[in-house]
Structures are given as C-alpha cells and as structure tokens.
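The structure under discussion appears below in the form of structure tokens.
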There are 2 protein chains.
Amino acid sequence: MRAATIHGPYDVRVENVPDARLSEPGDAVVQVLRSCVCGTDLWAYRGESPRRPGQRLGHEFLGTVTDTGPEVTAIRPGDLVLAPFAWSDGRCAACADGLPTSCVNGGLWGAVGADGAQGEAVRVPYADATLVRLPSHAASDDRLLNALLALSDVMGTGYHGAVSADVRPGAAVAIIGDGAVGLCAVLAARMLGAEQIIALGHHPARLDLARSFGATAVVTRRGEAAVAALRELTGGHGTHATIEAVGTRESMRAALDVTRPGGAIGWVGAPHGNTDALDPMTLFLHNISLRGGLAPTRRYIDDLLPHVLDGTLDPSPVFDTSLSLESVPAAYQAMDARTALKPLITPGG
Amino acid sequence: MRAATIHGPYDVRVENVPDARLSEPGDAVVQVLRSCVCGTDLWAYRGESPRRPGQRLGHEFLGTVTDTGPEVTAIRPGDLVLAPFAWSDGRCAACADGLPTSCVNGGLWGAVGADGAQGEAVRVPYADATLVRLPSHAASDDRLLNALLALSDVMGTGYHGAVSADVRPGAAVAIIGDGAVGLCAVLAARMLGAEQIIALGHHPARLDLARSFGATAVVTRRGEAAVAALRELTGGHGTHATIEAVGTRESMRAALDVTRPGGAIGWVGAPHGNTDALDPMTLFLHNISLRGGLAPTRRYIDDLLPHVLDGTLDPSPVFDTSLSLESVPAAYQAMDARTALKPLITPGG
C-alpha cells in the first residue's frame with residue numbers, strides 16, 4: 001500500500017509500504033477515507049522531534065473497516081469508523097479513569113512499528129475500545145466527514161483545553177493560539193457558555209474563522225501589548241479561564257499574565273523544549289491552576305459526537321486545503337509555510 | 001510595646017517598638033494572646049528572603065480587641081478574635097471570588113510598615129473583613145486556643161492543599177512533608193474522606209503525629225526509593241491526590257512522580273528559588289493538574305471553625321514548644337535546628 005514516510009528533516013515521501021493487516025486477535029484494519037496534517041506533525045518535519053528514517057506519519061483518520069480479528073465484536077467489515085489519535089485497550093486503570101491517552105497498552109499512530117494515518121490503511125490494535133462507529137450516511141456527506149475527522153484530535157483537544165480551564169457559563173476566556181486547536185477551543189468555550197471569548201493570534205484569516213466560531217474579540221498584538229489588550233477587555237481583571245494552545249515559553253507566559261488570581265489555564269499546547277516556561281511564583285502567588293495535557297479524545301468523542309451529528313458543533317472549516325495522499329509532501333510544505341491552516345488528506349481522492 | 005524584629009540573617013531580637021494604634025477608620029488594635037513561628041519565617045531568618053533591618057516578624061495570631069476605628073462595626077473592644085496570615089478588604093474582586101490573599105488592598109503581617117504577629121499587639125487594617133470573632137469561652141481553654149491559632153495559617157494551608165488536590169472519599173493521597181502544614185494536610189485529607197493517607201517525611205516524632213492525625217502509612221525513604229515505596233503502597237498506580245507541603249525542587253519532583261495520570265497536586269509548599277521545578281513534560285503527558293498556592297485562610301476559617309469548636313478537628317498538637325515573647329530568638333533557633341516542630345509564642349506568658 002501507499003503511505004507517507006519521513007526520512008529526515010523536510011524529507012517527507014509517499015512510498016510503497018507493507019499492507020496493513022491483522023496481527024493480534026483484537027485488531028481491525030481500516031481503509032482510510034480521510035486523514036489530515038497536524039501542527040505536531042511539523043515537529044517531526046522540522047527535525048525538532050526525532051524520527052527513524054522511514055517512520056510513518058499522521059495520527060488523525062476515519063475510514064471503512066475492511067477486516068477484523070476473531071476477538072473483535074463491536075465493529076465489522078463495512079462499518080464507517082473514527083479513530084482518536086491514540087489507541088487504547090479500554091480496560092486498564094487509566095482507561096477506567098477516563099484517561100485513555102495514559103493506557104498501559106496504548107500508543108500513537110505513526111509510532112515506530114505502527115501504521116500512520118497518512119496512508120491507504122491502518123492496522124488498529126484494541127479495535128473494540130479504540131474505534132467509534134459512525135452512521136453510514138455520513139460517508140456521503142463531505143462536510144460531515146470533515147467535522148467528524150476533527151474529533152480525532154483537534155476538536156477533542158480544544159475541548160480538553162476548555163474543560164481543563166474550567167470554562168463555565170458567564171466566564172471570560174482567552175484562547176492563546178489561532179491554529180486548529182485554538183479555533184476548536186473557541187467552539188468549545190462557546191459550547192460551555194463562556195460570555196467573553198477572546199482569541200489571540202496573528203493570522204487575519206484564522207481570526208476571522210475564530211469570530212465565526214464564536215470569538216467575541218480578537219487580539220493580534222504580541223507579548224506585553226497583547227496582555228495589556230486582554231486585561232483591558234476584561235475590565236482589568238484578567239480572564240477566569242485561559243486556553244494555552246501553542247506550547248511555547250511565550251504562549252505560556254501570556255497565559256500566566258492574562259489569567260486572573262484563582263483562574264485556570266487549560267493547557268493543550270504540547271510543550272517542546274521549554275522546561276522553564278512554568279513560572280512557579282506567578283502560579284503560586286495568584287493561585288492559578290494549571291490543568292490539561294495530552295487530550296483523551298477517545299473519551300470526548302462520546303461527548304461531542306452527538307453535537308457534530310445534529311449539526312450544532314461544526315469544526316469542519318478548520319480544514320482549508322484538500323490534497324491527495326500522493327501530495328502529502330506538499331501538505332507539509334504548506335503547513336510549514338503557514339499558507340495552510342490544516343490540510344485534509346484523501347487517499348482515494 | 002515589645003515585638004520581635006530581624007536585623008540580618010540569624011539576628012532576631014525582641015525590642016521596644018512604637019505601640020500599635022489606630023491609623024485608618026477601619027482599623028482595629030488587637031492585643032496578642034497567642035502567636036507562633038512558621039516554616040516560612042525561617043527563610044527570613046536564614047537570609048533567603050530579604051528583610052529590612054528592624055522589620056517585624058510573625059504572621060499568625062489571635063488575641064483581644066483593645067481599640068476599633070469609627071468604621072468598624074463587626075467587632076468591638078473585648079472581643080476575642082482570630083486573624084488569618086493576611087489582611088484583606090473583603091470587597092474587591094479577588095475577595096468576592098473567595099481569594100482574599102489576592103486582595104488589591106491586602107498585605108501580610110510583618111511586611112514593611114506593618115506590625116508583626118510576634119509582638120504584644122497588632123494594628124489590623126480592614127478589621128471587619130479580616131478578623132473573625134471567637135466565642136469568649138475559648139480564652140480560658142489552652143488547647144482550644146492553640147487549635148484556633150492553627151487556623152491562622154497552617155491548618156487552612158493544609159486544607160487548601162487537600163482541596164486543591166481534589167481529595168475525595170476513597171482517594172489515595174500522599175502528603176510530601178512532615179512540617180506543620182503537611183501534618184495539617186493529613187487532618188484535612190481525613191476530613192475529606194481519603195482512604196489511603198500516606199505521609200512522607202524524615203522525623204519519627206512528626207510521623208508519629210501524622211499517624212495520630214489519620215495517616216494510614218508513613219514513608220521515610222528519600223528520592224526514588226520514596227517514590228517506589230509510595231507506588232507500591234498504591235498498587236503500582238500512584239496517588240489520586242498529592243499534597244506538596246515543602247516547596248523544594250526535590251519535593252515537587254516526588255509529587256510529580258507519585259501522582260497517577262489524571263491525578264492532581266495540591267501545591268502549598270511555597271516555592272523559593274526553584275524556577276525549573278515544574279517539569280512540563282511529566283505534567284502534560286500524564287495530565288497531572290497543578291493547583292494551589294498561597295492559601296486563602298480567611299475563607300477557610302469560616303469552613304473549619306465549626307469543626308474546631310465542636311472538637312472534631314484538632315490541629316493543636318502541631319505546637320510542640322511554648323515560649324514567651326522575650327524568647328522568640330530561641331524559638332527561631334529551635335525551628336532552624338529542627339528541634340521544634342512549631343513553637344507557640346505567648347506574649348503575656
């Protein structure tokens with residue numbers, strides 16, 4: 001089969017790889033209908049996260065089940081299914097606690113030895129626990145398919161940010177970052193009843209999308225000027241809840257500085273290299289809570305799927321580009337150059 | 001009047017200072033019946049926290065009102081009152097949010113220009129909001145007075161750790177630190193229904209007290225051995241809730257390593273100098289929440305006072321030494337040498 005692989009910084013290829021096939025009795029094989037490229041894929045692309053030459057890429061997909069192992073009971077060939085960005089066994093202590101991303105038998109698509117989502121098909125371990133069946137009518141609805149694909153990672157991650165920041169009805173909320181996760185966090189903050197939703201970012205088109213998603217204000221300034229603008233918008237008090245959806249030292253500093261005493265930061269911008277970004281004195285003196293992390297999107301799919309199916313939640317506009325599997329290298333180039341917000345990959349397209 | 005002052009590292013004196021007296025219309029003057037020495041006082045003593053020569057000391061006290069300004073309505077001369085470790089105006093946004101330690105007009109006893117608790121009397125700003133009236137019968141009950149004094153800081157701070165760590169019925173809880181705050185956190189974890197309460201420390205007498213306060217196990221090992229022991233006690237899973245009551249890099253590392261994925265650290269060990277103690281990758285990958293900070297003990301007095309008055313909560317055993325005001329320098333020496341857990345100071349004694 002064909003799949004995207006990485007061979008070094010800025011060296012993404014689409015190659016012939018061994019076909020995805022059953023290996024364990026709980027496995028399924030899924031033919032990919034939709035995948036996409038994530039901001040964290042860029043770390044591998046830029047050489048910031050190490051990868052072995054030939055390692056697969058992509059961790060977001062939905063598709064059609066083509067084969068199931070003898071222990072699989074919840075899904076069957078022909079089913080339309082959605083995968084979260086990590087597989088999980090559904091029965092360990094972490095899974096029971098609602099934290100499948102910490103599953104003792106879990107893993108991420110594209111890890112060494114695993115298929116990536118940017119390919120024709122994927123072997124899915126623990127298929128019963130990992131995959132979520134979708135109504136078959138969705139397969140013929142492009143917009144709905146795209147909205148469902150967002151539940152694999154970015155919509156669930158944005159929601160995790162909002163839940164972790166304890167967004168409540170009436171809250172003043174800041175969202176640091178106008179990438180796909182930040183934009184989905186705007187949708188989540190609106191769902192949870194926030195009164196003020198202030199998006200911080202630097203890309204006019206993305207901030208327009210933030211407004212259409214429910215942002216009540218946008219701030220395009222940087223650093224201290226951004227913090228000052230945000231404080232002014234909140235009557236000088238700062239925000240009750242801040243969603244950090246970038247992961248740099250600067251974005252965490254902004255989150256610490258705009259959150260009011262007793263407020264909370266919902267942290268979903270994966271940190272890389274910024275080991276001293278968490279200023280202890282600010283957190284401690286102001287009783288600012290820091291919550292979040294790798295989002296348990298498998299769990300959130302159960303919460304969010306009904307809203308996507310009934311049309312009240314539609315993250316599909318985060319996909320601003322659509323490319324075939326053979327064009328995955330171009331998708332990475334566009335993400336890296338920030339000319340694409342989030343490229344959709346359609347293996348059959 | 002007489003009061004403790006500091007003139008440099010290890011140079012604590014008891015001197016004549018100007019009498020405490022009314023300055024603003026909302027002030028009260030309180031004659032101190034009980035004060036004590038706190039672990040954080042040692043930072044000033046050891047020169048780790050800068051102080052101006054002659055600055056006052058001590059932030060925990062209860063006593064008798066001797067004078068009130070014209071705007072004070074809730075208390076009157078003769079009342080027995082308890083003070084939290086910080087004053088607050090009771091009407092700003094932070095006070096309304098239940099976070100009086102972030103009051104815009106607030107401050108700490110012993111700050112430059114303010115009286116300290118280790119003295120004969122204290123001028124109390126915003127007396128109506130800051131002070132809590134106690135029943136007059138308590139004045140003749142030494143044990144009860146000591147228990148009430150603990151609400152000024154250490155009991156409220158330990159409780160803040162347990163609340164911030166989201167201790168719930170049935171939880172496995174670790175408490176890092178066997179100082180007075182850690183011991184009070186044991187009491188708080190028991191109050192909140194924890195099933196396992198594991199105290200980490202190194203002082204046999206303090207750990208005996210932890211057991212009498214409700215600890216179900218104690219761990220005296222250090223570093224990785226302590227973490228291993230704690231994991232074993234929790235069936236390999238780690239704790240749901242961990243209370244960090246020390247404030248060093250090592251104690252925070254232990255807290256990060258013993259908390260299970262999705263668990264929470266209740267952080268009440270004030271950080272000093274350890275700006276890189278908060279390992280972002282551990283927090284993020286395991287979705288460990290970090291909550292807490294400077295404890296809003298004024299608020300917690302309202303919650304905890306009934307339990308102290310009815311005898312179901314008794315932190316008084318944390319005071320293992322009693323000294324007169326003139327002996328404050330000896331109290332600091334004993335705290336510094338760890339021969340005293342928490343010295344009580346009785347100005348009239």
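Note that these values count all heavy atoms, side chains included, but never hydrogens, waters or copies made by symmetry. Chain letters run A, B, ... following the sequence lines, proteins first and then strands; every chain starts at 1. Worth saying up front: this structure is predicted, and the values here are computed from it rather than measured.
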Please table the atom pairs, donor to acceptor, closer than 3.5 Å between any side-chain atom in residues 88-99 of chain B and protein atoms at least two apart or in another chain.
from	atom 1	to	atom 2	distance (Å)
B:Asp89	OD1	B:Arg91	N	2.8
B:Asp89	OD1	B:Cys92	N	3.1
B:Asp89	OD2	B:Asn105	ND2	2.9

Q: Look up atom CD1 in A:Ile265 and atom OG1 in A:Thr259, then write down how far apart they are to the nearest 0.5 Å.
A: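 Atom-to-atom, A:Ile265:CD1 and A:Thr259:OG1 are 4.0 Å apart.
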Q | Expected output: side-chain B:Glu60 to main-chain B:Ala150 donor-acceptor under 3.5 Å | A |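 Answer holds: no.
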Q. Do B:Ser164 side-chain atoms and B:Trp267 backbone N/O form a donor-acceptor pair below 3.5 Å?
A.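 Absent.
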**Q.** Interface moiety of B:Ala270 toward chain A, non-hydrogen atoms closer than 4.5 Å
**A.**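 Answer is both: backbone and side chain atoms of B:Ala270 are under 4.5 Å from chain A.
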Q) For B:Thr101, is it the side chain, the backbone, both, or neither that has a heavy atom closer than 4.5 Å to a heavy atom of chain A? A)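 Looking at B:Thr101, just its side chain touches chain A.
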Q. Partners of B:Thr216 by side chain to side chain donor-acceptor pair (under 3.5 Å), sequence neighbours excluded?
A.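 Here no residue qualifies.
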Q.
Sub-4.5 Å heavy-atom contacts with chain B: which residues of residues 290-299 of chain A show up?
A.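 From residues 290-299 of chain A, the residues near chain B are A:Leu290, A:Arg291, A:Gly292, A:Gly293, A:Leu294.
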Q. Side-chain contact, heavy-atom cut-off 4.5 Å: A:His59 with A:Thr40?
A.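 A:His59 vs A:Thr40: side chains touch.
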Q.
With chain A as the partner, which of B:Ile288, B:Leu283, B:Asn287 has the greatest number of non-hydrogen pairs under 4.5 Å?
A.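 The candidate making the most pairs under 4.5 Å is B:Asn287.
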Q: Taking salt bridge (charged side-chain N to carboxylate O under 4.0 Å, His left out) as the test, write out the residues that go with A:Asp279, two or more places apart.
A: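 A:Arg253.
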